[in-house]
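Single-structure report; data block below.
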Amino acid sequence: MLFCTFFVFISSPVSFLFEPYQFLPIISPVNTFSNILSSFIYRPGPLDLHLAMFMPTLLNQATQEQMDRFFMPTWNLEIIGTYAQTEMGHGTHLRGLETTATYDPATQEFVLNSPTISSIKWWPGGLGKTSNHAIVLAQLYTQGNCHGLHAFIVPIRDMNTHVPLPGIVVGDIGPKFGFNEVDNGFLKLENVRIPRENMLMKYAKVEPDGTYVKPPSAKLTYGTMVFIRSLIVGESARALSKSCTIAIRYSSVRHQSEIRPGEPEPQILDYQTQQYKLFPLLATAYAFSFVGQYMKETYHRISGDINDGDFSELPELHALSAGLKAFTTWTTNSGIEVCRMSCGGHGYSRSSALPDIYVEFTPTCTYEGENTVMMLQTARYLVKSYRQAKAGQQLSGIVSYLNEAKQHRVQPQPVAARPTVVDINDLASLVEVYKQRAAILVELAAKSIQQEMQNRKSQEDAWNNSAIDLVRASDAHCHYVVVKLFTDKLGEIGDIAIHSVLSTLALLYALHGITTNSGDFLQAGLLNVPQVHQVSARIKELLSQLRPNAVALVDAFDHHDKKLNSVLGRYDGNVYEHMFEWARRSPLNATEVHESFHKYLKPLRSKL
Ligand SMILES: Cc1cc2nc3c(=O)[nH]c(=O)nc-3n(C[C@H](O)[C@H](O)[C@H](O)COP(=O)(O)OP(=O)(O)OC[C@H]3O[C@@H](n4cnc5c(N)ncnc54)[C@H](O)[C@@H]3O)c2cc1C
Ligand SMILES: *[C@@H]1O[C@H](CO)[C@@H](O)[C@H](O)[C@H]1NC(C)=O
Ligand SMILES: CC(=O)N[C@H]1CO[C@H](CO)[C@@H](O)[C@@H]1O
């Protein structure tokens, strides 16, 4: 849990936070902070929001005066904070949030209210029992006008007694799918007064007389979001590589059934179906690791530009991080389950670690931007770029392929009429077909919108009626980006043996994506039926080719036994002995005969 590790890192990064924080660029404190966080054995905990949201939001949005007032108490855990944005009625649609903060110039205070049941803050981690402060997102009203969402530091519990303050109704939201260690909470505000100086005023301000001062750029709020989403891409890689490590190691320890009668039972990893379940996920874990690195580097580069006042690449980064967040978390979410089921019955035991990996990972599909909504945001950028390309504008960056798309027709062409230039063994050629698939699906989505509008639908209705196509287009775009980044990465690898095995993985990743989406490639006439057959056959060869290296490839992720915390995934493979030991430690075994035997079971006998 983070609580235990919190004090470990106090000694090292202290110098960074103490003097120079005020000179650091806008976004980088969050950055450094999260780097620190991600280097620990992560288990969700009640202080997560304090560390990962409350403190970074202070660093990003507090004025110098506010830093002086709040930072040290926060650092010392006198202030324990959370980030309260979501309400019972609204999460995705931020403009729909109902909590109000109304400025009262007479006392120079904000008055906070939860006017309806649906406006009660719901879900913030650590809110239920742990926090004594919350950064509350509320609609700001001053001089009779609403200025939209702003962040306010609201004390919610007495700092000495921890008793809720007047006007504060706070508690835990109850048991969840997982995250039991995190007291996700509710918060109802009833005429809660806070000083004017508690509004985070680094950018937007309310002056003592109530005059509202706009932030210099609305884009500034992009930065943190982009950063956190790009971190989640890295989280996907970590969760999937852990799951693959467990499932692949265990599959080489486990023997079951027989292939040839009379022969010893094979390792389950020697069943073709087992390899087909796990090796594409292994390839995906590598792909996502490289994509995660790329996102981090790109973020750093662009946040440098932002600090120099150059926002030009921000929309692309925003679209990329939203789409890849959704793409990688969805894939990982289902991949973890595949890994768990591939371990048979023991995968269901918590000793495998896979159930915990799943419940802790799966909310990434929902928080920091619900995945479908993220895909639609990316689609908005893609459609806009497509229209610009059609209007003759030269696009730059990762969407520049939409300029080339003009040559392709969307109507599926008779396959025979198309020259089959695709070489299924050549990654460059595969990157090209993924690119064309993306271009075609973006065009299809854009045309769907156009068609809807020709049927006299409004822009908004046209969008809603094309949303399936839009998500599909984003998905294809992200898939192309992942295949491309994996292929690009190979160019950086000098070692021949490593290059060879990673090329095999990249090829498997690309070909597997083709078989699972073969409809797209066939419909678009990018591949023909014989080629799809060839792809399936080639995948089988690649599985056999990867088999001897499979365990080494998961070892290379370097998940230490302690971090993996999985009996099935032990590095030494000594699974059965430790499974027995693990079970013996179960609380139910603490007593040889439990009192429930005498109390409940034995009396049953007399009744029969
Ligand atoms: C474990 C966990 C921890 C959390 N921690 C915090 C926290 O600390 N602080 C905090 O403030 N919040 C927190 N949240 C809340 C979280 O941020 C929201 O749940 C999330 O943003 C999703 O919003 P929602 O619940 O409103 O989903 P909804 O938007 O209601 O989603 C429901 C469905 O509607 C669809 N949908 C919604 N809008 C659209 C659209 N425009 N187009 C198409 N489909 C749409 C979605 O795709 C989805 O299928 C947490 C949630 C969880 C699960
Ligand atoms: C959105 O589209 C779906 C499917 O086309 C349709 O059923 C629904 O009524 C639309 N929603 C609104 C609010 O118009
Ligand atoms: C039979 C057996 O192994 N019992 C163990 C059950 O668990 C307790 C600890 O919780 C051990 O002390 C027992 O030896």
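The residues of the chain are indexed from 1 along the displayed sequence. As the structure lists them, so they are numbered: ligands from 1, and atoms in each ligand from 1. These numbers come from a predicted model, not from an experiment. Computed over heavy atoms, backbone and side chain alike; hydrogens, waters and symmetry mates excluded.
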Task: Flag, side chain of Lys121 to backbone of Gln85, donor-acceptor distance under 3.5 Å - done: yes

Open item on the list: Quick check for you: to the nearest 0.5 Å, what is the distance between Met579 atom CE and Asn574 atom CG?
Closed with: 11.0 Å

Task: Gln85, any N or O under 3.5 Å of ligand 1 N or O - done: yes

TODO: Please lay out, stage by stage, how Arg238 and Glu235 fare under the test salt bridge (charged side-chain N to carboxylate O under 4.0 Å, His left out).
DONE: CA-CA 5 Å; Arg238 210 167 355 262; Glu235 277 308 309; 2.7 Å; yes

TODO: Look at atom 2 (C) of ligand 1 and say which protein heavy atom is nearest, naming residue and atom and giving the distance to 0.1 Å.
DONE: Tyr367 CD2, 3.7 Å

Open item on the list: With respect to Asp461, determine whether any N or O atom, backbone or side chain, lies less than 3.5 Å from an N or O atom of ligand 2.
Closed with: no

TODO: Kindly indicate whether atom 9 (O) of ligand 2 is approached by any protein heavy atom to under 4.0 angstrom.
DONE: no

TODO: Please could you name the atoms of ligand 2 that Asn464 approaches to less than 4.0 Å, counting only its heavy atoms?
DONE: 1 (C), 2 (O), 3 (C), 8 (C), 10 (C), 11 (N), 12 (C), 14 (O)

Open item on the list: Can you name the atoms of ligand 1, numbered from 1 with element, that are less than 4.0 Å from a heavy atom of Leu376?
Closed with: 42 (N), 43 (C)

- [ ] For ligand 1, find out whether one of its N or O atoms is nearer than 3.5 Å to an N or O atom of Gly369.
- [x] no

- [ ] State whether Asp520 and Arg437 are salt-bridged, where the test is any N-O pair (Lys NZ or Arg NE/NH1/NH2 against Asp/Glu carboxylate O) under 4.0 Å.
- [x] yes

- [ ] Quick one: closest heavy-atom pair of Lys325 and Thr366, and the distance?
- [x] NZ-N, 4.2 Å

Task: NZ/NE/NH1/NH2 to OD/OE distance under 4.0 Å, Glu337 and Arg340 - done: yes

Task: Ser119 side-chain N/O to Thr99 backbone N/O, donor-acceptor pair under 3.5 Å - done: no

Task: Atom indices of ligand 1 within 4.0 angstrom of Gly125 heavy atoms, with elements - done: 7 (C), 8 (O)

- [ ] Please indicate, with yes or no, if any protein heavy atom is found under 4.0 Å from atom 13 (C) of ligand 2?
- [x] no

TODO: Starting from atom 36 (N) of ligand 1, locate the nearest protein heavy atom and write down its residue, its atom name and how far away it is, to 0.1 Å.
DONE: Val373 CG2, 4.1 Å

Open item on the list: Quick test of your reading of the structure: of Thr92, Thr86, Thr372, Thr362, whose heavy atom lies closest to atom 18 (C) of ligand 1?
Closed with: Thr86

TODO: Answer yes or no: does an N/O atom from Glu370 fall short of 3.5 Å to an N/O atom of ligand 1?
DONE: yes

TODO: Please test Asn191 against Asn113 for side-chain hydrogen bond (donor to acceptor under 3.5 Å, both in side chains), starting from the C-alpha separation and ending with a verdict.
DONE: CA-CA 5 Å; Asn191 286 316; Asn113 270 302; 2.9 Å; yes

Open item on the list: Among all protein heavy atoms in this structure, tell me which lies nearest to atom 6 (C) of ligand 1, with the distance rounded to 0.1 Å.
Closed with: Trp123 O, 3.7 Å

- [ ] Please identify which atoms of ligand 1 are closer than 4.0 Å to at least one heavy atom of Gly91.
- [x] 23 (O), 24 (P), 26 (O)

Open item on the list: Which residue in the set Arg69, Arg193, His133 passes side-chain hydrogen bond (donor to acceptor under 3.5 Å, both in side chains) when paired with Asn198?
Closed with: Arg69

Task: Protein contact to atom 7 (C) of ligand 1 [nearest heavy atom, distance to 0.1 Å] - done: Pro124 CA, 3.3 Å

Open item on the list: Check the orientation of His477 and Tyr480. Use parallel for under 30°, tilted for 30 to 60°, and perpendicular for over 60°.
Closed with: tilted

- [ ] Report yes if Tyr83 has an N/O atom closer than 3.5 Å to an N/O atom of ligand 1; otherwise report no.
- [x] yes

TODO: Name the orientation class of the two ring planes belonging to Trp75 and Phe71 (parallel below 30°, tilted from 30 to 60°, perpendicular beyond 60°).
DONE: parallel

- [ ] Calculate, to the nearest 0.5 Å, the distance between atoms NZ and NZ belonging to Lys205 and Lys202 respectively.
- [x] 10.0 Å

- [ ] Using a strict cut-off of 4.0 Å, indicate which atoms of ligand 2 neighbour a heavy atom of Asn465.
- [x] 1 (C), 2 (O), 3 (C), 4 (C), 5 (O)

Open item on the list: Quick test of your reading of the model: are Asp356 and Arg350 salt-bridged, counting only N-O distances below 4.0 Å?
Closed with: yes

Task: Protein residues that have a heavy atom under 4.0 Å from any atom of ligand 3, sorted by chain and number - done: Arg584, Arg585, Ser586, Asn589, Ala590

TODO: Mark yes or no for whether Arg254, through its side chain, and Cys343, through its backbone, hold a donor-acceptor pair below 3.5 Å.
DONE: no

TODO: Please work out whether the ring planes of Phe110 and Phe152 are parallel, tilted or perpendicular, with thresholds of 30° and 60°.
DONE: perpendicular

Open item on the list: Closer than 4.0 Å to some heavy atom of Thr366 - which atoms of ligand 1 meet that?
Closed with: 19 (O), 20 (C), 21 (O), 22 (C)

TODO: Using a strict cut-off of 4.0 Å, indicate which atoms of ligand 1 neighbour a heavy atom of Leu49.
DONE: 8 (O)

